[in-house]
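What follows is a short report on a single structure.
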Amino acid sequence: MTRHSDTPAFPVRLSTLLILLCLLPAAVPAQEQSVALDRHMLRLDMTGSLEPVPEAPAAWSEGAAQGSRRSPLLAGALSLALPGAGEVYAGSYILAGLFFGAEVTGWYFANSYDTKGDDQTLLFQNYADAHWSAVKYARWLNENAKSFPGGENTKPIDISSDESLPHWERVNWTQMNEVEMAIPVFSHRLPRHGHQQYFELIGKYDQYSFGWDDKSDGGYREISTRFRQYADMRGEANDFYTVSERIVSLVIINHVLSAVDAAWAAARFNSVAELHSSVKVRPLPSGMAELVPEATFRIRL
């Protein structure tokens with residue numbers, strides 16, 4: 001987040017200073033109090049008059065000031081790794097909870113949609129194994145390959161008669177791919193069963209529609225209901241995965257936004273006022289001494 005260029009920075013700082021000056025007498029019950037702006041001191045007595053003080057109180061040290069600062073770089077790195085962590089480090093607890101909550105919510109829904117995609121994938125793969133057959137497709141090729149340009153010299157595909165084997169193990173896959181590649185209108189060759197492209201191609205290209213159990217050899221114009229249903233099932237699985245990927249992208253954006261906010265929160269932390277109290281020994285003209293409590297505010301602007 002950035003400030004608007006037209007923000008009146010000086011009046012805001014001046015108002016902050018005046019508020020602190022008004023609260024100071026109530027905060028420290030002492031005869032004398034002092035306000036420090038960086039290394040310049042102003043003393044505020046009970047009459048409300050201000051007078052310059054040559055030096056800051058001995059109780060104030062640069063070491064103490066540096067020790068209470070927050071590193072914007074570290075805050076940003078923490079939130080980049082885990083949204084909200086940098087905000088906790090910088091003391092911005094509400095935004096820490098919001099960014100961390102967005103992180104948890106995002107991963108929950110991303111995982112949920114990814115799981116839905118996996119379940120839908122298993123569903124359409126089982127559907128394919130039940131209704132699409134490499135044996136039926138290979139038989140169609142044996143009967144029709146020579147009628148296609150380029151397929152005149154193709155050899156028949158060997159098909160095992162052992163029906164106890166899965167259909168994908170009954171076909172000579174190498175011979176089937178050779179026939180597919182010999183015919184120019186067949187732009188793809190079918191990968192072996194189990195590959196991702198196997199399940200994609202049988203539901204995408206019309207040449208593979210002849211492997212579905214409701215498709216006759218009537219030609220390309222005949223619509224296979226199985227083919228269309230399977231394509232829709234695959235499309236639904238892809239939709240689930242797409243939603244999951246988009247949520248992951250939002251999670252990544254949440255990391256970046258949290259990192260920027262944490263760095264800004266650390267910078268804001270470094271600009272707040274600090275209160276330091278001390279007790280000084282003041283010598284009196286009579287030779288005695290008195291203890292004078294003092295409070296020092298430092299505002300890092």
Side-chain angles (χ1 to χ4, degrees), residues 1-17 19-20 37-38 62-125 195-197 199-200 204 232-275 297-301:
M1 296 178 66
T2 57
R3 293 185 178 181
H4 297 290
S5 58
D6 58 350
T7 300
F10 178 74
V12 171
R13 297 177 183 178
L14 181 59
S15 300
T16 302
L17 175 60
I19 292 173
L20 291 173
L37 298 179
D38 289 330
E62 283 297 319
Q66 293 297 326
S68 63
R69 295 178 69 85
R70 296 293 184 265
S71 168
L73 182 61
L74 177 58
L78 288 173
S79 279
L80 191 61
L82 178 63
E87 280 80 4
V88 171
Y89 165 73
S92 182
Y93 300 111
I94 295 179
L95 285 176
L98 292 176
F99 280 114
F100 183 73
E103 174 80 359
V104 173
T105 302
W107 282 118
Y108 171 79
F109 282 105
N111 180 71
S112 176
Y113 276 94
D114 190 69
T115 300
K116 289 180 180 180
D118 291 342
D119 293 341
Q120 184 68 14
T121 297
L122 182 61
L123 185 65
F124 75 67
Q125 288 179 349
H195 288 262
Q196 182 272 334
Q197 276 202 319
F199 290 104
E200 177 181 350
K204 188 173 183 179
D232 291 341
M233 293 171 69
R234 284 193 63 256
E236 187 175 355
N238 289 334
D239 289 342
F240 285 137
Y241 287 130
T242 298
V243 172
S244 178
E245 291 172 358
R246 289 177 179 174
I247 295 175
V248 170
S249 298
L250 292 177
V251 168
I252 294 173
I253 293 175
N254 184 58
H255 279 245
V256 175
L257 292 178
S258 180
V260 173
D261 177 75
W264 188 53
R268 293 199 312 270
F269 179 91
N270 294 336
S271 69
V272 301
E274 292 182 354
L275 171 65
F297 273 95
R298 178 167 179 166
I299 305 175
R300 297 185 301 274
L301 301 176

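Positions are given from 1 along the sequence.
- Closest heavy-atom contact between Gly106 and Ile247: O-CG2, 3.1 Å.
- Few gaps surround CG on Leu123; more than 12 heavy atoms of other groups in view lie less than 6.0 Å from it.
- Gln120 approaches Met233 most closely through the heavy-atom pair NE2-O, 3.3 Å.
- Note that CG of Leu80 is 10.5 Å distant from CD1 of Ile252, once rounded to the nearest 0.5 Å.
- In this structure Gln197 satisfies the side chain to side chain donor-acceptor pair (under 3.5 Å) test with no other residue, sequence neighbours excluded.
- Contact between Ala266 and Pro72 at its shortest, heavy atoms only, is CB-CA, 3.6 Å.
- Judged by distance alone, with hydrogens and angles left aside, the side-chain atoms of Ser258 form no donor-acceptor pair with the main-chain N or O of Asn254 at under 3.5 Å.
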Audit row: His195, Glu200, side-chain hydrogen bond (donor to acceptor under 3.5 Å, both in side chains) steps and yes/no: CA-CA 9 Å; His195 288 262; Glu200 177 181 350; over 6 Å; no

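- In this structure, the separation between CG on Leu250 and CD on Glu103 is 11.5 Å, given to the nearest 0.5 Å.
- The line from CG of Asp239 to OG of Ser244 is 12.5 Å long, rounded to the nearest 0.5 Å.
- For Arg69 against Asn270, the heavy-atom pair with the smallest separation is CA-OD1, 3.3 Å.
- Interatomic distance, Glu236 CD to Asp119 CG, rounded to the nearest 0.5 Å: 11.0 Å.
- Side-chain atoms of Arg70 come within 3.5 Å of backbone N or O of Tyr89 as a donor-acceptor pair.
- Qualifying ring-ring contact (aromatic ring centres under 6.0 Å, His included) partners for Phe100, counting only residues two or more places apart in sequence or in other chains: none.
- A distance of 8.5 Å separates CZ in Arg234 from OG1 in Thr121, rounded to the nearest 0.5 Å.
- Nearest approach of Glu87 to Ala262, heavy atoms of both residues: OE2-N, 3.3 Å.
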List the atom pairs, with distances to 0.1 Å, where a side-chain N or O of residues 111-118 and a protein N or O form a donor-acceptor pair under 3.5 Å, not counting sequence neighbours.
{"residue": "Thr115", "atom": "OG1", "partner": "Asn111", "partner atom": "O", "Å": "2.8"}
{"residue": "Asp118", "atom": "OD1", "partner": "Tyr241", "partner atom": "OH", "Å": "2.5"}

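- The heavy-atom pair separating Phe269 from Ala90 by the smallest distance is CD1-O, 3.6 Å.
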